[in-house]
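Quick notes on the structure that follows.
Lettering follows sequence order; numbering is per chain, from 1.
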There are 2 protein chains.
Amino acid sequence: MISCPKCSEVGSIMKAGYVRNKQRYVCKDCNYFFTLTNPESPVPRKKARRHQTTIIDIARSIGVSNSTVSRALHGHADISPETRQAVLNMASQMDYQPNQLAYNLVKSRTNTIGMIVPEFHNPFFPNVIIGAHHVLTEAGYNLTIMQSNESYPVEVSNTKAMLANRIDGLLISMTQETNNFDHLKVFEKRGIPLILFNRVCDHVEVPKVVVNDFDASFSAVEHLILNGYERIAHLGGPLTLLVSRERLRGYRAAMEKHGKSIEENMIIQGMFSQQKARIYGKYLLELENRPDAIFAVNDSAAIEIMLLAMEKGIRIPEELGVVGFSDNPESAYIGPGLTTVRQPTLEMGATTAEWILQMVDSETEIAMPTQKILKTELVVRGSSRRVCDI
Amino acid sequence: MISCPKCSEVGSIMKAGYVRNKQRYVCKDCNYFFTLTNPESPVPRKKARRHQTTIIDIARSIGVSNSTVSRALHGHADISPETRQAVLNMASQMDYQPNQLAYNLVKSRTNTIGMIVPEFHNPFFPNVIIGAHHVLTEAGYNLTIMQSNESYPVEVSNTKAMLANRIDGLLISMTQETNNFDHLKVFEKRGIPLILFNRVCDHVEVPKVVVNDFDASFSAVEHLILNGYERIAHLGGPLTLLVSRERLRGYRAAMEKHGKSIEENMIIQGMFSQQKARIYGKYLLELENRPDAIFAVNDSAAIEIMLLAMEKGIRIPEELGVVGFSDNPESAYIGPGLTTVRQPTLEMGATTAEWILQMVDSETEIAMPTQKILKTELVVRGSSRRVCDI
DNA sequence: AACGTATTCGCAAACGTTACCGATACTTTT
DNA sequence: AAAAGTATCGGTAACGTTTGCGAATACGTT
């Protein structure tokens, strides 16, 4: 017979339905509902999972408490040299690896910096990563990288993932689509250090690391003008990006300074795949009155222009001057060499990393510089050198 | 006066030493030890930290239990549409972001794949990363990257960090120093999926993804021989690496097949910085009886050779044939173009990622292929084309 | 009335660590 | 010898989440 687990009554037990396919009973006396638990499986929670040795395992095997083990492992005080040694020995013997997850949970910090970049195709961002990676590793931090792939939704989901993973700080360079910044303001609200680099915006008040795009563009175009080029076209980046607008502004400023008229149909803005660069380059070079120089937003576009010119028999630099941006490795070797703007990518990565470390390591609110403008360098090569300067 | 917190006695209180710089008392009556807790700070645990909203906050604010909130958030069963909606609303209203750390701890999986690479200077590993990153992101996994910097101790500490962070699987390409593999065997013992790529070894029984280094090397050297080169030097990689040994083997095999004598002083093995490549190149080109072709272990070394030859007025390919390895972007554009071996880097990354996903996603032990050998492609350019093959 | 079924929700135990604070056993000082 | 100090160690709450199982309720069916 079944007896009530509470009042031990036997006679007043009645069936009371099923719950999860198990018969359920009720004791009419004490109004206690219950099901019969199978005494055969007293430890149903025991999973067959592979067990990683924990602090508790060590503690049990040498008969101390887990707090003692924790102290020994971290070299804290309040522990005798003998027990510490015993713990250390047992730890290495049992092949103990600390569980960083649990550590992070209780300390609510992860020793990890996140980085979101828009693309991986140009060597620019990989180089920034190298620079940041080095500094962070030195400081004992990890770096997780996510790629937004030039997509705003992906960027938003990336920031959410970073938030969920409780990174200690975020470095981000935005996509060309991004024109809403709520996903970044969350970081401000939460007090999580955030730094923008390269692809920045004005709507978030955090430190920013950029290059002097305006100056770089200005001196690149001025260099073309000083080499006797008159009608300079501009293959610019998407105008959603501040860098593109700055470079366009530099282009215009240099042209105006030297009294060159700007032909608006020779300014093309957009995101150039190799294919698109070729199409627009074709358009420019087949123009009725074609430009005698082209300032391109990046080296891959510039190189595409050069190849196109070579195919058409247009001589570089005599008939066409070309200047790129970024100084890709191949730019030094193509044809007469591509004049281009070298960007301090490693330094950019290092600077963002150093700054985020400052922000993360400081307990209190710390005054950070609002912006750092890194200096670029115009690398003059054959593609634009028409006058003999010595 | 001080009264015992237990028996409220006043007369029998005596000092009993200090504990952590606070006066300690004992009640002689009830033998109760105690210190005086400062009633001014009743909540000493309350940190001034910024509070991230948790599941419990949501639960409290709409008067349900946290299990209900958890179920609502994950779209589980056993919940009414109304409460689910209420939870969802409150969650977005309170700007809730789940704490992945806690989730990972209880699920003991992180949805993260780790990757350790030896260096970042050549475009090879960044490209592998791109390939793997894409596949993993599609599958909803994160990728953490660490760099061993060609140092064995760093590699070991990297693997420890990966272990501590409880990654779900590891992709690794080893340093040139690594000749002990205990740090990798830990993964086997723990049952954590592990894949070796590119820089592999025979001592660990896990899936490996490599390229056909022997064949690639063989056909590169054979290509030189078929172009009429006789005395071919080899600037090889460090012999600690299997890839270097395989390439050397391919070189020897091709030379032997065609009956060319191998001059051992024309085989130089090592890890070549740009500077070292120049030194060894100088040595080779200034040899009494200098080689008429050089097969280099990578493109940057090959390019250094080409630049050196140009400086010396040695004509390429007429007087010197050069073949590199990897097909860096700049190799297409330097001088007459550098003949080189193109490696399927993206495919390598994608393959390792797909394999590790298979291993991670399968609950049980799964039979994996032991090895995948990806095909390279000899890209013939001007630096080695001496005969007109149509 | 007695029983069966379905729906919805709460309790509490994990996950592995850290750190506060109390407890114990000594040694040293008065 | 009493009182005070020192050195070690253990108990336990907390970090934020998931989940198995039981409880409560409502309603339908003999």
Open item on the list: Under 4.0 Å, heavy atoms only, any strand: does A:Leu105 hit a base, just the sugar-phosphate, or nothing?
Closed with: base
Open item on the list: Expressed as a whole number of angstroms, how long is the span from A:His76:NE2 to C:dT17:P?
Closed with: 14 Å
Task: Phosphate OP1/OP2 of C:dA19: any A:Lys107 side-chain N/O under 4.0 Å - done: yes
TODO: Mark yes or no for a side-chain to base donor-acceptor pair under 3.5 Å between B:Arg166 and C:dG16, with no hydrogen or angle criteria applied.
DONE: no
Open item on the list: At less than 3.5 Å, do the side-chain atoms of B:Ser67 and the base atoms of C:dC11 form a donor-acceptor pair?
Closed with: yes
Open item on the list: Is the shortest side-chain heavy-atom distance between A:Glu188 and A:Phe181 below 4.5 Å?
Closed with: no
Open item on the list: Pair B:Thr112, B:Asn165 - check side chain to side chain contact (heavy atoms under 4.5 Å, CB included), show working.
Closed with: CA-CA 9 Å; B:Thr112 300; B:Asn165 279 95; over 6 Å; no
Task: Interatomic distance, B:Leu101 CG vs C:dG16 C1' [rounded to whole Å] - done: 13 Å
Task: Touch class at under 4.0 angstrom, heavy-atom based, for B:Ser70 against every strand present - done: base
Open item on the list: Tell me the interatomic distance from A:Tyr103, atom OH, to D:dA14, atom C1', rounded to whole angstroms.
Closed with: 15 Å
- [ ] Would you tell me whether A:Glu155 and A:Thr178 have side-chain atoms, one donor and one acceptor, within less than 3.5 Å of each other?
- [x] yes
TODO: With the side chain of B:Thr54 defined as its heavy atoms from C-beta on, choose the nearest nucleotide among C:dC20, C:dG16, D:dT17.
DONE: D:dT17
- [ ] Among the candidates D:dG20, D:dC9, C:dT17, find the nucleotide nearest to the side-chain atoms of A:Tyr96.
- [x] C:dT17
TODO: Measure from the side-chain heavy atoms of A:Asn99 and tell me the nearest of D:dC9, C:dG16, C:dG10.
DONE: C:dG16
TODO: Please check the phosphate of C:dC9 (OP1 and OP2 only) for any side-chain N or O of B:Ser80 closer than 4.0 Å.
DONE: yes
- [ ] From the options C:dC9, D:dG10, C:dT18, select the nucleotide whose nearest atom is closest to the side chain of B:Thr68.
- [x] C:dC9
- [ ] Taking only the side-chain heavy atoms of A:Thr83 (C-beta and beyond), determine which of D:dT17, D:dC9, D:dT19 contains the nearest atom.
- [x] D:dC9
- [ ] Mind calculating the distance between CD1 (B:Ile79) and P (C:dT7) to the nearest angstrom?
- [x] 14 Å
TODO: Please state how far atom CZ in A:Arg84 lies from atom P in D:dA7, giving the value in whole angstrom units.
DONE: 13 Å
Open item on the list: Both A:Asn66 and A:Pro81 contact DNA chain D. Taking the nearest nucleotide for each, which residue is further toward the 5' end?
Closed with: A:Pro81
